[in-house]
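All values reported here derive from a predicted model rather than from experimental measurement.
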Amino acid sequence: MVEFIGMIRTSDQSEIRKRRGPLLDRGYTRRFAQAHEEAGFDRVLIGYHSWDADGFAVAAYAAAHTERLGFLIAHRPGFIAPTVWARKIATLDQFTEGRVAVHIISGASDTEQRRDGDHTDKETRYRRTDEYLDVVKRTWAATDPFDFSGEFYTVNGALSQVPTFSRPRVPIYFGGSSADAYRVGGRHADVYALWGEPLKETAEQIAAVRASAGKAGRDPGEVGFSVSFRPILGRTDEEAWERARSILGAIEGGAVPPSGNGSAPYILGRESGEGSRRLLAAADRGEVHDRALWTATARATGAAGNSTALVGSPETVARALLDYVDIGVTTVLIRGYDPLEDAVAYGRDLLPLVRAELAHRRAAPA
């Protein structure tokens with residue numbers, strides 16, 4: 001089966017929509033999470049930014065207002081001790097009865113990191129993440145006190161009495177598109193997260209991560225892969241492209257300022273990570289790739305986050321998603337430019353088509 005992940009925020013806003021209401025809108029957060037659960041999503045991502053609401057608290061609030069939906073909590077190592085964070089996650093995993101997963105991001109932007117007081121360079125951040133996850137996983141697994149001494153962390157007699165509800169532990173998702181990211185993610189990731197590049201480049205990244213997992217002594221088949229898109233649907237392909245051009249016009253026309261004035265600061269820093277550079281390189285090669293991948297939205301936003309779209313009717317976009325499944329993708333992360341409304345539409349029109357085709361394939365004789 002393919003896992004479907006959405007994304008929730010605490011306010012109604014996007015690249016084309018100025019924020020409506022307060023940044024912490026309890027009613028909207030509740031409705032947004034419930035809409036994903038009703039739409040049939042497996043999890044929702046809760047992002048991490050230096051200016052935004054705390055994702056751990058958002059997950060706890062949303063979990064209290066849903067029954068089944070899982071929560072993928074983004075986390076940047078370096079701001080909290082790994083043993084403390086391991087207990088926090090295990091505690092929430094217990095209270096939600098296994099609905100928690102974590103998404104580890106080492107941090108692409110020096111500017112963004114410094115806003116929270118971290119002045120390390122990117123290479124150092126990846127070494128720290130590697131060590132951080134070693135300590136976190138030992139904390140989750142240990143039944144006796146343990147010591148750890150490394151470049152960044154030293155603990156003595158560490159032992160958590162809070163086991164994870166999930167077995168064997170809380171799932172670890174990992175993002176990044178650099179050689180350092182492949183190395184660290186290859187060691188630790190249960191699911192490796194990629195942004196929505198063309199099929200050829202996505203397959204190359206999957207191969208690179210699998211090679212890194214093999215070098216780390218893991219079975220490369222243990223690692224799943226997530227890919228992220230911004231689907232733009234219409235009843236027909238023509239209607240979808242008309243909507244897509246309208247969305248691009250709103251972005252290019254500055255419907256939402258990049259920062260301040262009550263809107264989300266989508267431009268996180270002057271630097272861009274390797275993932276952003278890769279999306280912009282794909283945009284340089286062409287506006288439309290493969291069956292339905294559209295890069296114009298990535299170019300218009302400077303690829304600040306997952307920003308490539310799949311444009312078409314539900315049938316066209318479903319086939320495009322299945323193309324990625326065919327090259328090894330196991331998880332699909334999708335979010336819209338009209339966030340809540342699009343989540344409802346995905347659950348009504350898109351997810352059932354993908355799942356029906358996968359069920360048909362499983363039932364078909366070899």
Side-chain angles (χ1 to χ4, degrees), residues 1-6 33 36-37 40-46 55-75 77 80-105 129-148 153 155 157-175 184-193 209-210 212-214 216-226 328-333 355 358 362:
M1 290 295 292
V2 170
E3 178 185 49
F4 281 98
I5 300 180
H36 279 86
E37 182 164 76
F41 282 83
D42 298 290
R43 302 184 189 275
V44 288
L45 172 66
I46 302 171
F56 190 92
V58 174
Y61 178 80
H65 294 282
T66 53
E67 299 293 332
R68 177 197 57 80
L69 188 66
F71 299 93
L72 179 59
I73 305 172
H75 178 69
I80 184 171
T83 51
V84 176
W85 187 72
R87 294 197 306 275
K88 284 169 63 70
I89 290 296
T91 301
L92 186 58
D93 192 48
Q94 283 286 349
F95 277 125
T96 63
E97 297 186 324
R99 291 198 278 156
V100 172
V102 296
H103 179 54
I104 303 299
I105 45 177
T129 295
D130 195 6
E131 192 172 295
Y132 188 92
L133 289 174
D134 280 338
V135 178
V136 166
K137 291 195 293 185
R138 285 194 65 177
T139 304
W140 285 337
T143 55
D144 296 302
F146 71 90
D147 297 338
F148 183 95
Y153 302 103
V155 299
L159 179 64
S160 170
Q161 296 187 25
V162 186
T164 61
F165 186 94
S166 303
R167 289 289 180 264
R169 55 166 171 74
V170 168
I172 294 173
Y173 293 61
F174 193 97
V184 179
R187 282 196 66 213
H188 296 287
D190 299 304
V191 179
Y192 198 98
V209 174
R210 285 175 172 165
S212 294
R218 298 180 66 191
D219 176 358
E222 294 177 358
V223 184
F225 291 90
S226 171
V329 167
T330 57
T331 293
V332 172
L333 194 158
R355 286 175 169 149
L358 293 174
R362 289 194 306 272

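Side-chain atoms of Asp42 do not come within 3.5 Å of backbone N or O of Ile5 as any donor-acceptor pair. Panel note: side chain Thr330, backbone Phe225; a donor-acceptor pair is recorded below 3.5 Å. Between the side chain of Arg187 and the backbone N or O of Leu133 there is no donor-acceptor pair closer than 3.5 Å.
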Working note: Leu45 + Leu333, criterion side-chain contact (heavy atoms from CB on, under 4.5 Å); need CA distance, chi angles, decisive distance, verdict. CA-CA 8 Å; Leu45 172 66; Leu333 194 158; 3.8 Å; yes

*Using the side-chain contact (heavy atoms from CB on, under 4.5 Å) rule, take Ile104 and Ile172 through it: C-alpha gap first, then chi angles, then the decisive distance, then the call.*
CA-CA 7 Å; Ile104 303 299; Ile172 294 173; 4.1 Å; yes

Exercise for the section: Under the side-chain contact (heavy atoms from CB on, under 4.5 Å) rule, what do Val2 and Leu358 come out as? Steps first, then yes or no, please. Expected result: CA-CA 8 Å; Val2 170; Leu358 293 174; 3.4 Å; yes

Would you please test Ile89 and Val100 for side-chain contact (heavy atoms from CB on, under 4.5 Å) and show each step?
CA-CA 8 Å; Ile89 290 296; Val100 172; 4.1 Å; yes

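Nearest approach of Phe71 to Ala59, heavy atoms of both residues: CB-CB, 4.2 Å. Nearest approach of Ala33 to Ala62, heavy atoms of both residues: CB-CB, 3.9 Å. Of all heavy-atom pairs spanning Arg87 and Ser160, the tightest one is CG-OG, 3.5 Å. Closest approach of Ala189 to Val223, counting heavy atoms only: O-CG2, 3.9 Å. The shortest non-hydrogen separation linking His103 to Ala193 is CE1-CB, 3.7 Å. Here the shortest heavy-atom pairing between Leu159 and Ala142 reads CD1-O, 3.7 Å.
Residues in residues 93-102 take part in these side chain to side chain donor-acceptor pair (under 3.5 Å) pairs, two or more places apart or across chains: Thr66-Arg99, Asp93-Ser166. Within the structure, every pair that satisfies the side chain to side chain donor-acceptor pair (under 3.5 Å) test and touches residues 137-148, not counting sequence neighbours, is listed here: Lys137-His188. Every pair passing salt bridge (Lys or Arg N to Asp or Glu O under 4.0 Å) that includes a residue from residues 158-175 is listed here, sequence neighbours excluded: Arg169-Asp190.
No option in Trp85, Phe148, Tyr132 other than Tyr132 meets the ring-ring contact (aromatic ring centres under 6.0 Å, His included) test with Tyr153.
A donor-acceptor contact closer than 3.5 angstrom links the side chains of Arg43 and Tyr173.
The shortest distance between side-chain heavy atoms of Leu72 and Ile46 does not fall below 4.5 Å. Side-chain contact check for Val44 versus His36: some heavy-atom pair is nearer than 4.5 Å.
Rounded to the nearest 0.5 Å, atoms OG1 (Thr331) and CD (Glu3) are 4.0 Å apart.
Counting heavy-atom neighbours within 6.0 Å of Glu67 CD, excluding the residue itself, gives a total of 12 or less.
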